Amino acid sequence: MNYTLFVTSQCKYSAYSADDYRRIMSEIKDNKIPADVMILDMDWHWNVGNGQSGDKGGWTGWSWNTNLIPNPKGLLRDIHDNNFKIALNLHPADGINKNESPVYFAAMNSELNGKYLNDKKDNISWSIDYTDFTKSFFKNIIRNHESEGVDFWWIDWQQHLTSNDTYGLSETFWCNHIFFNDMVRKRTDRRPVIFHRWGGLGSHRYQIGFSGDALINFQTLGFQPYFTATASNVGYGYWGHDLGGHAFTDESIVNDPELVLRWIQFGVFTPIFRTHATNDARIERRIWKFDNFPTMLEAVRLRYSLFPYLYTMARKAYDTGISVCRPLYYEYPESEEAYVYENEYFFGDDILVVPITEAAVDGISAKEIWFPEGKWWSVSTNELIEGPCKKVMNFTHEQIPYFFRQGAIIPYNPPTVMNVTERPDNLILNIVAGSDGESSLYEDSGNNSDYATMYSTTALKQIADGNRGKYIISARRGNYKGGVSVRSYTLRIFDTAAPVSVKVNGNTAVSYVYDKDKRCTTVEVPAIKCSTGVKVEVIYSFE
């Protein structure tokens, strides 16, 4: 399984100009929205469908639409300067057209001596089955755009199910294979990743993927949790979705704030977090334009808080082949409910997620939830629930049904993190008291290919002994480039009584607070070298 970076992106199919992209970046910054990737959909190239291309282009295109983007290098530089990675959308199936891309056409046609021309000799047919075409294509087109600043590619569409030239060969699978392995060979300064359509079994080799043109309605949203979790059964763990929905269905709900919110809240607990929609002026995907934007923003920030946990689980998926999102029957195969409650799933080892996928009634969503054996801390409602049981719970628009396993230690970023490439010198550890538990924190350099050997792990442990809790952060093991050497920690310990005594490495001069309503003890651990360990001991009052 490819071990890859996660993207949190802004994307919509629309004829955006360079000024539009700059305006969007400015509004993202002004609204303090964490984000990492800017995807330029198909109108970056000539496309007669957008009204800005004259008679040039179509679904397939390779040359910048200079009517919309007169200075491509300047725009890509500005996007990078705003800490975004860049992907361009490709629909390769119609080849290289002389009218749309005369320079690329001439260079490839000369190298290929007229081979692969269509009958009109105005188009080089898409012939990625053949080595000479592939070498010329990547040399003349892909390398050129990558030198302009493209970080990775969105491989969006193939015309045929199987190749007309190679019997039984899936065009989509083969295209993904070629693009991914080209990145492995030619872009050794970064971790190989492409964003692509499903090409059939075996496509987990070339993750990440998206689930196609999802409809804008609650019914489609309701299918996504089952789809995402069960994809792990064939090793395909890195599904992303067009959060908010892609295709127009009903004008009365096309920009329903509640529907968009519930899509985004579901997306928080998926491997790939990306909003998107088709080219329709009625569809809005700039979340800051919605009345409930503050609630949407809280969901985005939760996603960024979760990143250390998510990244740790991604490494575990790489090592074990078990995806980040997986069905409940992976852990509870003997329980019938693990098969019946299809919209519930595990997000990593210690978080149970039950997305809201139906419209609320009078602002409240009632959800019947099956809790497996064990005890589960409800983060939204601040209560401990003992399984196995079925329980109907009520949630407001602001609340997301997700639950920490008792004994878990779940690392979070601080709320100030706006980009996953940041290296915060403080981490939050969410701990559910009352049971022994072990976890870890995985870290590496991020976007490079040395993760097989250059990484670090920090063991995390909880020992529960009556009214006494011990929380151990071990010395970091291993090394990687760019990591912080000193770090402070904020321990949020849930389901506790009020503390009587708190010690950090035997020192009682420690800052801590207790929230009675949330039953949460928060302990501030001062900055300490990551090469040394930390031991926190808390004695709680008897209730």
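Just so you know, these numbers use all the heavy atoms, side chains as well, and skip hydrogens, waters and symmetry mates. The structure displayed is predicted, hence computed values, not measured ones.
Just one of Trp153, Phe180, Phe152, Tyr238 meets the side-chain contact (heavy atoms from CB on, under 4.5 Å) condition when paired with Val193; it is Phe152. Of the candidates Trp370, Tyr341, Tyr329, Trp370 is the only one forming a side-chain contact (heavy atoms from CB on, under 4.5 Å) with Ser335.
Ring pair Tyr206/His196 is perpendicular by interplanar angle, where above 60° counts as perpendicular and below 30° as parallel. Aromatic ring orientation, Tyr309 versus Phe347: tilted (interplanar angle from 30° to 60°). The aromatic rings of Phe395 and Phe403 stand perpendicular to each other, their planes meeting at an angle above 60°, with 30° marking the opposite boundary. Ring planes of Tyr236 and Trp198: perpendicular class, angle over 60° (limits at 30 and 60°). Tyr442 and Tyr311 have tilted rings, their planes meeting at an angle from 30° to 60° on a 0 to 90° scale. The aromatic rings of Phe223 and Tyr226 sit tilted relative to each other, their planes meeting at an angle between 30° and 60°.
Between the side chain of Asp36 and the main chain of Val420, a donor-acceptor pair closer than 3.5 Å is present. Between the side chain of Asn31 and the main chain of Glu27, a donor-acceptor pair closer than 3.5 Å is present. Remark: the backbone N or O of Gly446 is paired with a side-chain donor or acceptor of Arg191 at under 3.5 angstrom. One N or O on the side chain of Arg285 and one on the backbone of Gly244 form a donor-acceptor pair closer than 3.5 Å. For Asn176 (side chain) and Thr172 (main-chain N/O), a donor-acceptor pair under 3.5 Å exists by modelled atom type. In terms of modelled atom types and a separation under 3.5 Å, the side chain of Asn413 and the main chain of Tyr304 share a donor-acceptor contact. Listed for the Ser170 side chain is no donor-acceptor partner under 3.5 Å among the backbone atoms of Thr162. The closest donor-acceptor contact from the side chain of Thr270 to the backbone of Ile272 lies under 3.5 Å. Panel note: side chain Gln406, backbone Ser435; no donor-acceptor pair is recorded below 3.5 Å. Checking side-chain atoms of Asp151 against main-chain N and O of Ala87 turns up no donor-acceptor pair under 3.5 Å.
Of all non-hydrogen atoms in Arg326 and Ser323, the two that sit nearest each other are NH1-O, 3.0 Å. Contact between Pro192 and Ser449 at its shortest, heavy atoms only, is CD-OG, 3.8 Å. The two residues Asn65 and Trp46 come nearest to each other via the heavy atoms OD1-CZ3, 3.1 Å. The two residues Asn447 and Lys85 come nearest to each other via the heavy atoms ND2-NZ, 4.2 Å. Scanning all heavy atoms of the two residues, the minimum distance from Ile216 to Leu259 falls at CG2-CD2, 3.9 Å. Nearest heavy-atom pair across Asn426 and Pro414 is O-CD, 3.2 Å.
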Evaluation steps, side-chain hydrogen bond (donor to acceptor under 3.5 Å, both in side chains), between Thr230 and Asn233: CA-CA 5 Å; Thr230 57; Asn233 292 338; 5.2 Å; no

Worked check of side chain to side chain contact (heavy atoms under 4.5 Å, CB included) between Tyr16 and Asp41: CA-CA 9 Å; Tyr16 288 139; Asp41 211 321; over 6 Å; no

Test side-chain hydrogen bond (donor to acceptor under 3.5 Å, both in side chains) applied to Ser252 and Asp250, step by step: CA-CA 5 Å; Ser252 67; Asp250 181 345; 2.8 Å; yes

Test log, rule side chain to side chain contact (heavy atoms under 4.5 Å, CB included), inputs Val234 and His204: CA-CA 8 Å; Val234 294; His204 64 280; over 6 Å; no

Step-by-step side chain to side chain contact (heavy atoms under 4.5 Å, CB included) determination, Phe173 to Arg205: CA-CA 10 Å; Phe173 183 92; Arg205 299 182 180 96; 3.8 Å; yes

Residues Lys367, Glu358; criterion salt bridge (Lys or Arg N to Asp or Glu O under 4.0 Å); working and verdict: CA-CA 9 Å; Lys367 193 80 172 177; Glu358 308 88 13; 3.2 Å; yes

Thr421 and Asn419: CA distance, side-chain angles, deciding distance, side-chain hydrogen bond (donor to acceptor under 3.5 Å, both in side chains) verdict: CA-CA 5 Å; Thr421 59; Asn419 190 284; 2.4 Å; yes

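A 4.5 Å side-chain heavy-atom check between Phe273 and Val268 finds at least one atom pair inside the cut-off. By the 4.5 Å heavy-atom criterion applied to side chains, Trp62 and Leu90 are counted as neighbours. Between Ser440 and Thr312, the closest side-chain pair of non-hydrogen atoms falls below 4.5 Å. Counting heavy atoms from C-beta outward, Asn89 and His91 have side chains that approach closer than 4.5 Å. Side-chain contact between Ile409 and Pro411 is absent, with no heavy-atom pair separated by less than 4.5 Å. Side-chain atoms of Ser163 and Trp174, non-hydrogen and from C-beta on, never get closer than 4.5 Å to each other. In this structure, the side chains of Ile79 and Met25 come closer than 4.5 Å at one or more pairs of heavy atoms. Side-chain contact between Thr228 and Pro271: present, with at least one pair of heavy atoms (C-beta onward) separated by less than 4.5 Å.
Atom CG of Asp30 sits in a crowded spot, with more than 12 heavy atoms from other residues, nucleotides or ligands closer than 6.0 Å. Counting heavy-atom neighbours within 6.0 Å of Glu373 CD, excluding the residue itself, gives a total of 12 or less. Heavy atoms from other residues, nucleotides or ligands lying under 6.0 Å from CD of Glu336 number 12 at most.
Side chain to side chain, Thr278 and Asp280 fail the donor-acceptor criterion of an N or O pair below 3.5 Å. Residues Tyr330 and Ser232 have side chains that bring a donor and an acceptor to within less than 3.5 angstrom of each other. Side-chain contact, Asn50 with Asp43: a donor N or O sits under 3.5 Å from an acceptor N or O.
Two rings, from His276 and Phe210, have their centers 6.0 Å or more apart.
A distance of 11.5 Å separates CG in Leu243 from CG in Leu261, rounded to the nearest 0.5 Å. Taking OG1 of Thr275 as the reference point, atom CZ of Arg286 lies at 11.5 Å (rounded to 0.5 Å). Rounding to the nearest 0.5 Å places CZ of Arg282 at 5.0 Å from CD of Glu251. To the nearest 0.5 angstrom, Trp239 atom CH2 is 10.0 Å from Gln224 atom CD. Taken to the nearest 0.5 Å, the CD atom of Gln265 stands 8.0 Å off from the CD1 atom of Ile356. Rounding to the nearest 0.5 Å gives a distance of 5.5 Å between CG of Asp350 and CD1 of Ile410.
Under 4.0 Å is where a charged nitrogen must lie from a carboxylate oxygen, and between Arg405 and Glu331 at least one such pair does. With salt bridges taken as basic N to acidic carboxylate O contacts below 4.0 Å, one links Arg315 and Asp319.
For the pair Arg492 and Trp377, the NZ or CZ position fails the cation-pi test of under 6.0 Å to the six-membered ring centre and within 45 degrees of the ring normal.
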